[in-house]
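To find a chain, count down the sequence lines: A is the first, B the second, and so on, and within it residues start at 1. From a predicted model like this one, the values you see are computed outputs, not experimental measurements.
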2 protein chains.
Amino acid sequence: MSETAAMQIDSKRATTATDVAERAGVSQSAVSRCFTPGASVSARMRAQVMQAADALGYRPNLIARSLITKRSGMIGVVVGNVAQQLYPGTLQALATRLQAEGYRILLFTAPPDGPADPALEQIIAYQVDALVLAAADLSSKLAEQCRAAGIPVVLYNRTVRGQTASSVTCTNHAAGIEIAALFAAGRHRRPAFIAFDPAASTSRDRERGFRAGCRAHGLPDPIVEVGASGDAGARRAITSLLSRPNRPDAVFCPFDQMAIVAMDVARYDFGLSIPNDVSIVGFDDAPPAAWPSYQLTTYAQPVAAMVDATAQLIVEQLADPQARLRQVQVPGHLVLRQSCRLPRSQEPTR
Amino acid sequence: MSETAAMQIDSKRATTATDVAERAGVSQSAVSRCFTPGASVSARMRAQVMQAADALGYRPNLIARSLITKRSGMIGVVVGNVAQQLYPGTLQALATRLQAEGYRILLFTAPPDGPADPALEQIIAYQVDALVLAAADLSSKLAEQCRAAGIPVVLYNRTVRGQTASSVTCTNHAAGIEIAALFAAGRHRRPAFIAFDPAASTSRDRERGFRAGCRAHGLPDPIVEVGASGDAGARRAITSLLSRPNRPDAVFCPFDQMAIVAMDVARYDFGLSIPNDVSIVGFDDAPPAAWPSYQLTTYAQPVAAMVDATAQLIVEQLADPQARLRQVQVPGHLVLRQSCRLPRSQEPTR
DNA sequence: ATTTTTTTTGCATGCGCATGCAAAAACATT
DNA sequence: AATGTTTTTGCATGCGCATGCAAAAAAAAT
């Protein structure tokens with residue numbers, strides 16, 4: 001009776017290193033060593049242990065291991081809105097990369113409303129080895145607190161004032177300049193920019209570059225409209241722009257989703273032809289940019305390279321906690337498609 | 001000298017419950033109790049401890065806690081291709097929901113190539129409390145192994161033979177029937193279906209429903225083409241379909257991305273008009289389906305409800321490991337837009 | 001065959017915390 | 001004031017594993 005009960009409990013219990021040791025007739029530490037790469041074990045012992053381990057279906061408990069090694073093997077990734085823009089691709093790439101590196105991803109999403117730091121407590125309490133902040137509009141407080149707690153932080157696609165964390169971004173400023181040059185080359189006269197959250201460094205840098213580029217190429221200062229909070233905001237902004245008495249003939253949208261909305265509004269609400277009546281340029285080179293219905297000219301973010309840099313920064317900081325913080329900028333490139341008028345001489349590449 | 005070194009080490013070390021106890025002049029267990037909801041602590045002690053904890057910036061180490069409670073508070077989520085289709089939205093919703101429930105998400109992505117089970121070892125070793133499998137084309141072996149290891153598994157948007165796990169899907173079969181009915185009502189004559197991975201239950205169920213519906217409504221058996229492996233496969237499949245001598249006049253694509261590709265090919269490669277020359281219906285109601293350029297008629301998957309059901313199943317199984325496995329089917333609904341011809345009498349709703 | 005060197009193994013300990021148990025303290029009852 | 005009752009607290013222990021240290025075994029050198 002009670003024996004049966006005990007056996008049931010036993011069968012529920014996960015098999016531990018001690019169980020394996022017992023069955024193999026060796027010590028628990030021997031088992032541990034067999035599962036620790038680079039430990040000193042004889043071939044015979046290893047075979048013996050492995051056989052017992054297989055028979056019992058043993059897997060080392062990584063939680064227990066973390067407790068000792070002080071490495072959880074988990075990287076926290078905080079994403080604002082997973083569903084938008086380039087984050088799905090980034091997440092995929094990041095996950096693949098970090099998994100290859102032997103890390104697991106602990107995913108946190110920021111609540112859609114308000115910049116409230118998400119389960120901040122959780123993040124620190126969970127002993128993540130490092131943190132990737134991939135939310136353009138997330139409070140920078142989180143980064144600081146983690147840093148104070150000794151957790152390396154890498155900002156993805158954003159920067160923060162005061163060098164409290166490493167960051168990886170695209171060459172946002174240069175991109176803005178380049179796009180202004182493109183507009184100038186296509187003989188546009190009235191540039192415009194739809195700003196995202198003004199607190200987001202990414203949007204700010206692109207805007208600043210764009211302004212500088214306009215000035216440098218003899219264009220007037222761009223008309224700026226704010227198009228925050230998703231498609232609705234973008235719709236409002238582009239509508240406002242196109243309703244102006246002398247409407248812009250070249251609109252730079254700081255990410256593709258916004259540009260897509262802009263194209264749809266221009267075409268279907270205003271009956272405009274792109275790029276004849278108005279040119280629209282996006283940012284990111286998200287998948288829909290290449291769809292035949294849009295053929296969006298856009299500035300491609302080098303996601304693979306950015307993810308790579310992110311992983312590298314993490315590994316670097318983990319290896320040496322004293323490592324200097326770095327702001328990595330990865331160059332992107334313009335992808336010419338059909339949504340922006342070009343100088344006569346130039347054919348769209350690709 | 002060595003004192004300084006020692007202090008540095010100390011300052012690196014995270015503060016533990018024992019540190020707090022020392023400072024507050026109480027026992028470590030008292031500290032533990034203060035951070036354990038529902039434990040017996042006097043108000044005075046709590047205040048005393050909390051003050052010390054604040055001063056030291058103490059946070060309980062969840063890893064250590066897990067070791068004792070045998071609950072990691074983590075839910076493993078395995079996703080095939082994060083970047084595609086409805087997964088971003090799902091992931092967002094799931095993360096939000098599970099976070100609200102007090103769980104963290106440990107994210108695993110299946111390698112894009114081959115059905116190789118990803119870091120399976122990792123998943124079990126990491127003591128996740130439960131596992132959500134949201135990869136339509138992932139081997140079902142993983143589910144079985146986890147179940148054997150005593151980890152509750154919930155299949156999201158797919159099922160598996162032999163009741164080895166709970167699952168949450170949309171009413172795929174009924175949806176197939178409904179779409180056949182829609183085609184019949186619109187006086188289509190030559191239905192077609194583009195199959196996804198034939199191993200994926202989701203694609204199979206939709207196809208079976210569609211076939212049944214065609215039969216029931218006096219339509220011929222659908223022409224079936226396989227369009228696996230992403231956009232390229234879809235492109236090949238739809239091209240093949242539209243190249244046929246008597247090409248189909250109604251194509252059902254088992255998810256929106258495929259339908260989008262189909263629309264683009266039909267329009268731009270074949271110069272066809274949608275829905276006059278050919279009707280196209282998708283599945284999921286992903287964001288692009290609503291974009292003006294597509295106006296895709298599609299069967300909406302009730303993501304919120306499905307995520308809800310998933311969370312509920314998990315909570316249920318965690319509360320009672322003996323709980324019966326359940327196959328939950330959440331009803332979706334047809335969203336009529338412009339990509340499918342309707343009977344004269346009917347105007348597109350919405 | 002003996003000593004020295006190297007490798008392999010077991011023992012003991014502790015990571016940070018939760019929890020059963022018994023002692024102590026606070027409170028309620030007669 | 002003394003007893004019984006409830007609450008609060010500390011002590012001790014262990015979760016599953018890695019790791020320093022010393023004993024044991026194997027290999028190399030004399």
Side-chain angles (χ1 to χ4, degrees), chain A residues 9-10 12-50 52-53 56-73 121 124-129 149-150, chain B residues 9-10 12-50 52-53 56-73 121 124-129 149-150:
Chain A
I9 289 169
D10 269 24
K12 273 302 169 215
R13 236 188 74 247
T15 63
T16 74
T18 311
D19 298 337
V20 177
E22 204 165 300
R23 183 180 231 263
V26 301
S27 75
Q28 176 265 316
S29 28
V31 177
S32 168
R33 281 190 249 269
C34 285
F35 287 88
T36 306
S40 159
V41 212
S42 70
R44 204 163 50 80
M45 156 128 292
R46 160 159 285 131
Q48 211 171 327
V49 167
M50 284 312 186
L56 297 177
Y58 169 73
R59 299 184 200 299
N61 181 333
L62 293 195
I63 295 270
R65 179 178 290 177
S66 312
L67 193 57
I68 301 175
T69 60
K70 314 250 185 192
R71 290 254 170 146
S72 65
E121 302 296 318
I124 298 185
Y126 240 103
Q127 317 292 105
V128 294
D129 290 344
Chain B
I9 289 169
D10 269 23
K12 274 299 171 218
R13 236 189 73 250
T15 64
T16 74
T18 310
D19 299 336
V20 176
E22 205 165 299
R23 183 180 230 264
V26 300
S27 76
Q28 177 264 317
S29 27
V31 176
S32 168
R33 288 193 174 94
C34 287
F35 285 87
T36 306
S40 160
V41 211
S42 70
R44 203 162 53 79
M45 157 125 293
R46 159 159 285 131
Q48 212 171 325
V49 167
M50 285 312 187
L56 296 177
Y58 168 74
R59 297 184 203 297
N61 181 334
L62 293 197
I63 295 270
R65 178 178 289 178
S66 312
L67 193 56
I68 302 174
T69 60
K70 314 256 185 185
R71 289 257 170 144
S72 65
E121 302 296 318
I124 298 184
Y126 241 105
Q127 317 292 105
V128 294
D129 290 342

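Rounded to an integer number of Å, the gap from CD1 of A:Ile68 to C1' of D:dA18 is 4 Å. When rounded to the nearest whole Å, the span between CG of A:Leu62 and P of D:dC15 equals 18 Å. Between A:Phe35 atom CZ and D:dG16 atom P there is a gap of 16 Å when expressed in whole angstrom units. In this entry the distance linking CD of B:Gln28 with P of D:dG14 reads 15 Å, nearest Å. We find that CZ of A:Arg44 is positioned 12 Å from P of C:dT8, with the value rounded to whole Å. The separation between A:Arg33 atom CZ and C:dT8 atom P is 11 Å, rounded to whole Å. Look at CG on A:Leu56: it is 14 Å from P on D:dG16, rounded to the nearest Å. C:dC15 atom P lies 19 Å from atom CZ of A:Arg71, rounded to whole Å.
Of the side-chain N and O atoms in A:Ser42, one or more sit less than 4.0 angstrom from OP1 or OP2 of C:dT9. Phosphate proximity of C:dC17 to B:Arg65: absent, as no side-chain N or O sits under 4.0 Å from OP1 or OP2. Contact between the side-chain N/O atoms of B:Ser40 and the OP1/OP2 oxygens of D:dT8 is found at a separation under 4.0 Å. The phosphate of D:dA18 has neither OP1 nor OP2 within less than 4.0 Å of any side-chain N or O from A:Lys70. Side-chain nitrogen and oxygen atoms of B:Ser27 include at least one within less than 4.0 Å of the OP1 or OP2 phosphate oxygen of D:dG10. Using a 4.0 Å cut-off, no side-chain N or O of B:Ser29 falls inside it from OP1 or OP2 of C:dT19.
Here C:dT19 is the nucleotide among C:dC17, C:dT19, D:dC15 with the atom lying nearest to any side-chain atom of B:Thr69. For B:Asn61, taking side-chain heavy atoms from C-beta onward, the closest of the listed nucleotides C:dG10, D:dT19, C:dC17 is C:dC17. Of all nucleotides listed (D:dG16, C:dC17, C:dA18), C:dC17 comes nearest to the side chain of B:Thr16.
Taken from OG in B:Ser27 to CZ in B:Arg33, the straight-line distance is 7.0 Å, to the nearest 0.5 Å. Atom CD1 of A:Ile68 is separated from atom CD1 of B:Ile63 by 12.0 Å, given to the nearest 0.5 angstrom. One finds the CG atom of B:Asp19 at 10.5 Å from the CD atom of B:Gln28 (value rounded to the nearest 0.5 Å).
Around the CD atom of A:Glu22, the shell of radius 6.0 Å holds no more than 12 heavy atoms that belong to other residues, nucleotides or ligands.
Using a 4.0 Å heavy-atom cutoff across all strands shown, B:Val41 reaches sugar-phosphate atoms only and no base atom.
For the pair A:Ala43 and B:Ala64, nearest-nucleotide mapping onto DNA chain C gives the more 5' position to A:Ala43.
When all heavy atoms of B:Lys70 and B:Asp129 are compared, the pair lying nearest together is O-OD1, 4.4 Å.
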